[in-house]
Number of protein chains: 2
Amino acid sequence: MVLGAAEAAVLAFDVGGTDLKAGLVDAEGRVLGMRRVPTPHDAGRPAEAILDRVAELARDLAAEFPQAPAKAAGVIVPGIVDSGAGIGIYSANLGWRDFPFTAEAERRLGLPVAFNHDVRSASAVEHRYGGSREFDDVVVMVVGTGIAAAVFSGGEAVTAGGFAGELGHALVPDPDHPGSTILEAVGSAGAIAKRYTAHSGTPVAGAREVLERARGGEALAARIWADAVDALAFSICQCVSIIGTEAIVIGGGLAEAGEELLAPLRARVDQMLDFHRRPVIIRAQLGQDAGLLGAAMNARALLAPVSGQAPLAAQAPEHAPGPAGATR
Amino acid sequence: MVLGAAEAAVLAFDVGGTDLKAGLVDAEGRVLGMRRVPTPHDAGRPAEAILDRVAELARDLAAEFPQAPAKAAGVIVPGIVDSGAGIGIYSANLGWRDFPFTAEAERRLGLPVAFNHDVRSASAVEHRYGGSREFDDVVVMVVGTGIAAAVFSGGEAVTAGGFAGELGHALVPDPDHPGSTILEAVGSAGAIAKRYTAHSGTPVAGAREVLERARGGEALAARIWADAVDALAFSICQCVSIIGTEAIVIGGGLAEAGEELLAPLRARVDQMLDFHRRPVIIRAQLGQDAGLLGAAMNARALLAPVSGQAPLAAQAPEHAPGPAGATR
């Protein structure tokens with residue numbers, strides 16, 4: 001995948017709980033030297049250790065591609081992010097609180113840095129170029145070990161100072177006990193494996209194995225899968241009721257189940273909704289590099305003019321430009 | 001209550017399920033000749049019958065106040081409203097589907113008409129002048145016989161073509177059976193009375209009587225009240241998780257319970273939320289005329305220049321202008 005052309009090359013860093021991905025996106029939009037290293041975990045200085053590693057990667061990429069000097073960098077991280085203030089407010093997995101990412105990254109890299117949320121950035125790329133691009137009211141859900149989401153309303157990202165899109169921690173009915181639990185504890189790929197093991201006593205490699213067992217006719221596996229679908233449908237219905245969401249885009253590892261996830265999800269959402277408009281429920285198109293591309297898109301927005309934000313040219317030829325594209 | 005000055009007088013009509021309120025708001029912002037009549041219910045031509053009555057009221061007001069000729073009108077209705085297209089998409093209570101309100105009202109009144117949703121319009125007045133005006137991410141919930149809501153994100157109304165804010169039909173845990181029901185069936189004033197009667201066999205006049213019985217130490221009444229609080233808290237938490245809502249404004253009949261509603265509601269929301277930011281939960285200030293004022297504000301937006309949308313001058317002196325006000 002290539003982004004369109006821009007004024008100059010940018011560096012892109014996608015900080016995940018396990019891996020840190022880095023790449024240089026040149027002025028023509030090609031991703032050069034993409035690499036993936038383990039995310040440093042330093043309990044005493046978690047954000048500093050990550051940014052030290054980011055600076056090393058930046059030096060490596062600069063040495064490897066001297067013909068494409070970067071003029072800006074994009075850094076995306078999980079957790080609660082106030083991109084306007086440049087602050088990583090909180091990350092449960094990585095351990096920081098109120099860390100000044102923009103300032104510290106700019107100091108280490110010597111470049112203007114666009115700091116943002118990983119899922120919001122990846123979702124912005126997905127929303128701009130993927131299957132939901134003709135809709136204005138969209139929720140992109142990334143369903144993997146955990147669940148994160150990005151919310152778009154009237155075509156704009158809803159951020160609420162970094163507090164929007166916490167669907168993984170939204171309440172859903174608890175399938176095991178009376179009362180509620182959180183979506184992530186039932187509807188994530190991680191939860192599917194964990195709940196199957198807890199109920200059966202049999203360890204499984206992941207949600208994929210539970211799906212295989214359900215396909216093979218095993219009742220418990222089918223129930224665990226259906227519980228996840230119910231929980232995801234419940235949260236989707238909340239989005240529809242509260243903000244009138246027109247399209248739900250599902251990404252992350254669980255989306256690899258394709259229609260085995262999406263078809264029952266559409267059916268449950270349809271049952272749960274009343275007079276509401278039914279949302280389109282589709283799979284994300286851009287895959288696991290969407291974060292890196294999102295970070296690059298954020299960095300390019302720091303360059304002027306922002307011609308790098310032009311649409312992907314010949315990326316998805318099956319999707320002809322819609323009415324918006326026709327006016328370009 | 002008076003709005004600020006505008007270019008000319010406007011007519012305002014607030015069409016409710018029971019009553020139709022009408023008034024003339026003169027150029028100085030005074031509400032003249034406010035009247036309340038029963039809403040016509042004509043199953044065969046529900047919207048037409050209402051607009052016929054609106055036209056009669058307009059003639060009455062014009063005859064009564066010849067010194068203040070209206071230059072525009074605002075009409076607000078319940079249900080699903082596409083204000084951009086001027087269409088009343090659906091009203092369960094009043095019975096229309098896809099009715100062209102703007103065009104039909106303009107034809108009858110001979111004036112430009114601003115057509116919009118009742119709760120969104122009342123909430124826009126509440127959000128602009130009430131206790132939540134310093135917040136950008138706000139949900140205004142009107143809790144009466146039913147429950148309706150208006151959602152603001154980043155300071156802007158979230159409409160989604162009229163489908164946003166349907167909190168009354170959002171899913172909540174069912175306190176009587178395993179599974180889910182809708183918020184309106186547990187958390188509304190209507191549901192509190194109805195559920196109390198269903199569980200006790202004792203008819204009550206309304207939610208107020210249930211609250212009085214709870215105050216008097218009756219366990220069932222206290223449980224029904226607590227169920228309503230739980231359901232409202234559950235939906236508030238969904239808003240916080242999905243769109244990072246900072247402030248919840250509660251209006252409608254149930255808000256008359258004041259701190260007997262709000263204090264337990266804040267406590268339950270605090271218990272239900274995880275690491276999320278806690279929303280401020282406050283009572284609406286503007287009362288039952290907010291709808292009529294909202295309709296007038298919509299109508300004034302059709303006049304140019306829109307000086308009528310200036311802030312209320314000496315309306316709530318206990319609230320000094322904040323940073324935004326200081327720049328005016």
Side-chain angles (χ1 to χ4, degrees), chain A residues 79-80 89-92 97 135-139 141 147 149 151-154 156-175 178-184 230 233-246 271-279, chain B residues 79-80 89-92 97 135-139 141 147 149 151-154 156-175 178-184 230 233-246 271-279:
Chain A
I80 297 177
I89 296 175
Y90 177 62
S91 166
R97 276 189 188 274
F135 296 105
D136 284 335
D137 295 280
V138 174
V139 173
M141 300 175 71
I147 295 179
V151 178
F152 299 87
S153 170
E156 299 293 320
V158 173
T159 57
F163 288 90
E166 292 292 343
L167 250 75
H169 288 253
L171 295 170
V172 298
D174 188 332
S180 300
T181 183
I182 60 172
L183 174 59
E184 203 164 88
D230 279 3
F234 186 90
S235 286
I236 289 170
C237 292
Q238 298 291 343
C239 295
V240 171
S241 298
I242 296 168
I243 48 173
T245 304
E246 294 175 278
Q271 288 166 349
M272 286 182 187
L273 289 177
D274 189 352
F275 58 80
H276 313 79
R277 185 171 60 172
R278 267 54 181 169
Chain B
I80 296 177
I89 296 177
Y90 177 62
S91 165
R97 276 188 188 273
F135 297 103
D136 284 335
D137 296 279
V138 174
V139 172
M141 300 175 71
I147 295 179
V151 177
F152 299 87
S153 171
E156 300 293 321
V158 173
T159 57
F163 289 91
E166 291 293 344
L167 250 75
H169 287 252
L171 295 170
V172 298
D174 188 333
S180 301
T181 182
I182 60 172
L183 175 58
E184 204 164 87
D230 279 4
F234 186 91
S235 286
I236 289 170
C237 291
Q238 299 291 344
C239 295
V240 171
S241 297
I242 296 168
I243 47 173
T245 305
E246 293 175 280
Q271 288 166 349
M272 286 181 186
L273 288 176
D274 187 352
F275 57 80
H276 314 79
R277 185 171 58 173
R278 267 55 183 168

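Labels below follow one simple rule: chain letters A, B, ... track the order of the sequence lines, proteins then strands, and each chain is numbered from 1. In this text the structure is predicted, and so the values were computed from the model without any measurement. All values below were derived from every heavy atom in this structure, side-chain atoms included, with hydrogens, water molecules and symmetry-related copies excluded.
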In terms of heavy-atom proximity below 4.5 Å to chain A, should B/Cys237 be classed as side chain, backbone, both, or neither?
side chain
Who pairs with B/Arg97 by salt bridge (Lys or Arg N to Asp or Glu O under 4.0 Å), at least two apart in sequence or on another chain?
none
Portion of B/Gln238 that has a non-hydrogen atom of chain A nearer than 4.5 angstrom
both
Partners passing side-chain hydrogen bond (donor to acceptor under 3.5 Å, both in side chains) against B/Asp274 (at least two apart in sequence or in another chain)
A/His169
CD1/A/Ile243 to OG1/B/Thr159 distance, rounded to the nearest 0.5 angstrom?
11.5 Å
Smallest separation among heavy atoms of B/Ala160 and A/Gly244, with atom names:
CB-O, 3.5 Å
Classify the angle between the aromatic ring planes of B/Phe275 and A/Tyr90 as parallel (below 30°), tilted (30 to 60°) or perpendicular (above 60°).
tilted
Part of A/Leu273 lying under 4.5 Å from any heavy atom of chain B
neither
Out of A/Val240, A/Ile242, A/Ile89, A/Val158, return the one with the most heavy atom pairs under 4.5 angstrom to chain B.
A/Ile242
Tell me, for B/Ala170 versus chain A, whether the close heavy atoms (under 4.5 Å) come from the side chain, the backbone, both or neither.
both
Could you walk me through whether B/Asp137 and A/Phe163 pass the side-chain contact (heavy atoms from CB on, under 4.5 Å) test, one step at a time?
CA-CA 10 Å; B/Asp137 296 279; A/Phe163 288 90; over 6 Å; no
Atom CD of B/Glu166 and atom CZ of A/Arg277: how far apart are they, to the nearest 0.5 Å?
11.0 Å
